[in-house]
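Input: a single structure, listed below in structure tokens.
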Amino acid sequence: MSASIPSIPVDPSRPVRVRIAPSPTGDPHVGTAYVALFNRCFAKKHGGKFILRIEDTDQTRSTRESEAAIFKSLRWCGLDWDEGPDIGGPYGPYRQSERLAIYREHAQILLDKGEAYRCFATPEELEEMRRTQKERGAKQPYDRRYRNIPESEVARLLAEGRPHVVRLKMPIGGKAVITDGLRGEISFDNDELDDQILLKSDGFPTYHLANVVDDRLMQITHVIRAEEWIPSTPKHARLYEAFGWQPPAFIHLPLLRNNDKTKISKRKNPVSLEYYQAAGILPEALLNFLGRMGWSMPDEREKFTRAEMEEAFTFDRMHLGGPIFDLDKLDWLNGLYLREQTPEQLVARLREWLLSDEYLTSVVPLVRERMTRLSEFIPKTSWLFGEPTPLAKEAYVPKGKTQAETWDAVTAIAELVDKQVRWEVAPLEEAFRKLCEQIGWKPKDLFSIVRLVATAATAAPPLFDSLVAIGKARTQVRVRQALTLLKP
Ligand code: GLU
């Protein structure tokens with residue numbers, strides 16, 4: 001263990017309050033569960049509260065479907081929260097889109113204090129600035145030209161109704177130093193920090209303003225989040241200072257990494273929690289696995305429950321070398337947990353998984369017409385319950401196409417699958433038909449590839465019903481496998 005990791009201060013007069021703040025812009029990510037686990041353990045260890053806040057101020061990318069999926073997956077993991085959008089709490093609302101007036105009010109406070117200013121730069125002006133700043137070798141694209149314009153000029157532009165944003169006055173020159181609970185002091189060149197936009201021209205806050213205001217108003221004592229937010233932290237620290245507030249402690253967890261040490265990504269690893277559930281990983285094994293990412297038990301044992309982790313939890317046992325998200329390890333742990341189940345428990349587990357009445361009822365109609373005996377159900381649906389073995393490369397390549405062309409088509413299929421929000425028959429069919437037009441493929445050829453990639457079966461039920469039954473997360477993983485297989 002690294003002896004240099006300082007203990008995280010806990011003020012006995014203030015109850016520990018921590019949070020996760022996911023943006024509902026995609027599928028529930030395994031990184032969210034990782035950060036949630038550490039936040040929750042810290043809260044439990046100190047008798048504090050663990051809060052779920054939804055950061056949905058990006059109106060174009062946030063969806064309620066994604067939010068619901070995050071709730072569902074976190075609950076499946078057993079990472080339930082004490083306060084949140086769906087259960088309320090004393091510091092609500094917990095969904096940022098319901099707190100817009102609060103952010104505007106706070107931007108106004110900073111304007112009144114002279115800590116922020118209105119910037120009226122047009123897109124053309126910004127573009128021109130970007131060019132000149134680059135030529136001048138400046139470290140940031142915005143030249144702060146509206147930072148000190150006279151009040152009378154501001155009033156005139158406002159009266160004209162000119163669109164504008166609100167920017168934070170960052171210090172000019174010198175260094176900004178933040179303290180990270182695991183890394184100690186980290187310093188940044190102020191000249192590299194832009195006058196951060198706080199409020200956009202449509203009146204919506206940026207992540208920075210909303211995040212800091214909410215952490216303050218929700219009385220968050222420790223901000224425990226992923227390492228990728230370190231560069232934002234000096235801006236947050238500056239915001240606390242501008243408001244005259246005491247900042248929380250900042251603790252940045254190491255990034256999870258693929259086997260090749262790059263930041264975990266769906267290209268190299270399944271990242272959706274829904275995938276792990278559908279693939280038959282037990283939630284306690286997943287949590288145990290995540291608990292070992294950069295952290296270990298005092299006796300270094302590999303298998304431990306969440307309760308044991310909470311009991312033993314301290315950040316002193318964290319180490320910062322990028323933890324590798326190694327699926328073989330996860331499978332090994334999962335096997336240990338599975339073997340501990342009594343036959344009755346295992347049956348119950350199978351029933352909670354895909355052998356539930358609900359799931360079976362949804363998939364039986366797919367094969368009913370194709371069955372003459374009950375015994376055919378299992379062979380005809382093996383691709384729904386297990387991982388189909390990919391076929392030989394050539395099997396995916398339609399007549400008249402090359403492997404390279406097929407790989408290009410599968411690349412386009414992968415993009416479509418990643419982007420597709422509504423995983424239902426009609427929207428899927430529409431999206432795939434559109435793709436055929438875009439890339440100039442006959443539906444027959446493209447659909448046959450999709451079928452093979454998703455099911456590895458030449459005869460499967462109607463394609464889009466099959467994709468719905470497989471679910472997005474598993475389809476995504478199968479498409480990635482095909483990409484690897486077909487790579488020219
Ligand atoms: N909304 C940010 C996210 O999506 C929150 C980061 C933070 O915890 O401050 O991860």
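We count ligands from 1, going down the list as the structure has it; atoms in each ligand are counted the same way. Small disclaimer: the values here were computed from a predicted structure and weren't measured.
Residue pairs that meet the side chain to side chain donor-acceptor pair (under 3.5 Å) test with at least one member in residues 197-206, sequence neighbours left out, do not exist here.
To the nearest 0.5 Å, atom CG of residue Leu282 and atom CG of residue Leu330 are 9.5 Å apart.
Around ligand 1, the residues contributing at least one heavy atom under 4.0 Å from the ligand are Arg19, Ala21, Ser23, Glu55, Tyr207, Asn211, Arg225, Trp229.
Note: Tyr207 and His236 meet the aromatic proximity criterion, with ring centroids under 6.0 Å apart.
The backbone N or O of Ile20 lies less than 3.5 Å from no partner atom in the side chain of Arg53, so there is not a single donor-acceptor pair. A donor-acceptor pair is defined here as one N or O able to donate and one able to accept, closer than 3.5 Å; no such pair exists between the side chain of Arg238 and the backbone of Pro234.
Ring pair Phe289/Phe325 is perpendicular by interplanar angle, where above 60° counts as perpendicular and below 30° as parallel.
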